[in-house]
Amino acid sequence: MSDKVKFQAIKGVRDILPPESALWNRVEQTAREVFGTFGFAEIRLPIFEQTDLFKRSIGIDTEVVSKEMYTIPDGDIEHIRGLRRSLLEWEIKFGDFGDAELFLGLAVTLLTFIRQAQEDGLTQFEDVGLHALGDLTVAAKELSDLISARGLSKDTDTWNRLISLVERIRLASDRLEIGEDMSLRPEATASVVRAYIEHGMQVMPGNVKLYYMGPMFRRERPQKGRYRQFYQIGAEVLGSSDAPGIDAEVIEMLMRLFERLKLKGAVLNINSIGDKNCRPAYVEKLRAELQKVRNELGADSQRRIETNPLRVLDSKLESEQGIIAKLPRIAEHLCADCRTHYDEVKRQLGLRGIAYQENWRLVRGLDYYMRTTFEITAPGLGSQNAVCGGGRYDGLVELLGGPAATKGIGFAIGTDRLVLSLQEAGEGETPGGPAGKAAGPDVYLAWFGAAAQSAAIGLARRLRDAGFVVELPAIEMKFGKSLGLADRLKARHAVIVGDDELAAGVVTVKRLSDGTQQKLGEQELFSYLRAI
Ligand code: ATP
Ligand code: MG
């Protein structure tokens, strides 16, 4: 037996097939409609970005960045790193000009590679180091000529110049910040903010309201509702205002979407995690309390005492629940501004008739959040029950190099989980179309003979133009076989075109549910189909 190659999708990624894909389309279409009525417009973003963008925004100490990112090393970048390493480690041998010449040659090669990589738009280099290296390489060529003409011996001015030049080249290479690798995006807020800054969107009137949808990538342990390629529908509001009414309206928009999709049992959890004035003191207090119970905590939480104490509150570990319940709560440590903001968010939610639960343990996994955080859970998802997470991130625009006063808030819905929850609740799609609509094509157009095929092609086009779903066999089949296929495809009608029909200027229409049939002219056929 021959070994047949059998390919399978990579672990943690999956195909979304019909009819499930129709549910996905409905979810995405509904999001477009609902978000549109709130004045949001779509932004389409790249799927990969410089790794540094995610490191800076999400935070190096987060699980997402430290463990879950798919980073793509770039061949040339690796090569440039290698060359730089050689330059830094090179030992110039005394009196051996050949050796120095090799070193200088290497410096020139490095520069050439960097220029090429920059032209290819592969990455960005820190400019100062690059210019310095360029100037030094020119100097190196001059010195090299000088030595060829006059020779080289110890303690001469030329030798001293050489040594100082080598040192300066080393220093420049050391300072040369070689561009970051790129990573598949684990989330899209960083990209939206990057785009906001890059395109100077702060000059736009009012708040900038954007939504996006698409795949995200995290190397996590795959399980129900947790994939390595998953999808998010998200929205962000960026601008100069941090009015609590914005927070409440963003949440209102989410709840309207879930309502329109008939997602039942969604629960909104909210919290405030303070800002740079009050959170650091709270985090220190939390850290001190955690130190006292260190030995009772699991390994993950023990590590987080140092790296990210807030994340301990997020722990699902049974044995830690009693300990966590006794920890100091952020709500009791908010500064006056944060307290006022949080109270007003709650009042604004009340004005909109939105029910919520306060959850003091709700901290988000990404570093950039502050003040309002929220999460929405839905039934039918097991332990992966969060369908949406979001919050305020007022410092992020500045952190990524944008205008300092810019505020921001947003959320991301896990589309996979939303779809799963809808399916579990029986709000999914049936084969062939949305719930309620009969499966299969409206018309199966059976033709017999070359002349009939030509007539059928024309009729199929006119039927499709009128919005009917038409299945037109590509090859001629025997009558019984053709009608058998119509049945198996669950077509509602077979429209039959043969020589007799052509001669009489009619088609035979057979209703497949009960077998009744009649001969109709084209106008009558359209009226008949429309009436159903
Ligand atoms: P979780 O606590 O479930 O890991 P998270 O806090 O990492 O979620 P966010 O980064 O806030 O999630 O992303 C927002 C939403 O995206 C989540 O509420 C969830 O619905 C969805 N999501 C996150 N990671 C995955 C994944 N690996 N597979 C499927 N959906 C995901
Ligand atoms: Mg996660």
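All ligand and atom numbering here is 1-based and tracks the order in the structure. Residue numbers count from 1 along this sequence. Since the model is a prediction, treat every value here as computed from it, not as a measurement.
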I'd like to know if [X] and [Y] make a salt bridge, using a cut-off of under 4.0 Å between side-chain N and carboxylate O.
X: Asp442; Y: Arg492; result: yes
X: Asp343; Y: Arg339; result: yes
X: Glu427; Y: Lys262; result: no

Hey, looking at atom 5 (P) of ligand 1, which of Arg218, Arg228, Gln223 has the closest heavy atom?
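Of the listed residues, Arg218 has the closest heavy atom.
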
Using heavy-atom distances, let me know which of Gln384, Arg226, Gln229, Lys224 sits nearest atom 1 (P) of ligand 1.
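It is Arg226 that holds the nearest heavy atom.
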
In this structure, is the centre-to-centre distance between the rings of Phe217 and Tyr70 below 6.0 Å?
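Centroid separation for Tyr70 and Phe217: 6.0 Å or greater.
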
Pull out every atom of ligand 1 sitting under 4.0 Å from any heavy atom of [X], numbered as shown with elements.
X: Val387; answer: 18 (O), 20 (O)
X: Cys388; answer: 18 (O)
X: Gly414; answer: 15 (C), 16 (O), 20 (O), 21 (C)

With no hydrogens and no angle check, do the side chains of Ser301 and Glu320 hold a donor and an acceptor under 3.5 Å apart?
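Yes.
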
For ligand 1, which is the ligand I care about here, please tell me if Ile413 has any N or O atom under 3.5 Å from one of the ligand's N or O atoms.
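There is no such contact.
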
Less than 3.5 Å between some nitrogen or oxygen of Glu220 and one of ligand 1, yes or no?
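For ligand 1, there is an N or O atom that lies under 3.5 Å from one belonging to Glu220.
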
Geometric cation-pi criterion, Lys209 with Tyr211: 6.0 Å, 45°:
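That pair does not qualify as a cation-pi contact.
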
Within-shell test, Arg417 vs ligand 1, heavy atom, strictly < 4.0 Å
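Judged by the 4.0 Å heavy-atom criterion, Arg417 does count as contacting ligand 1.
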
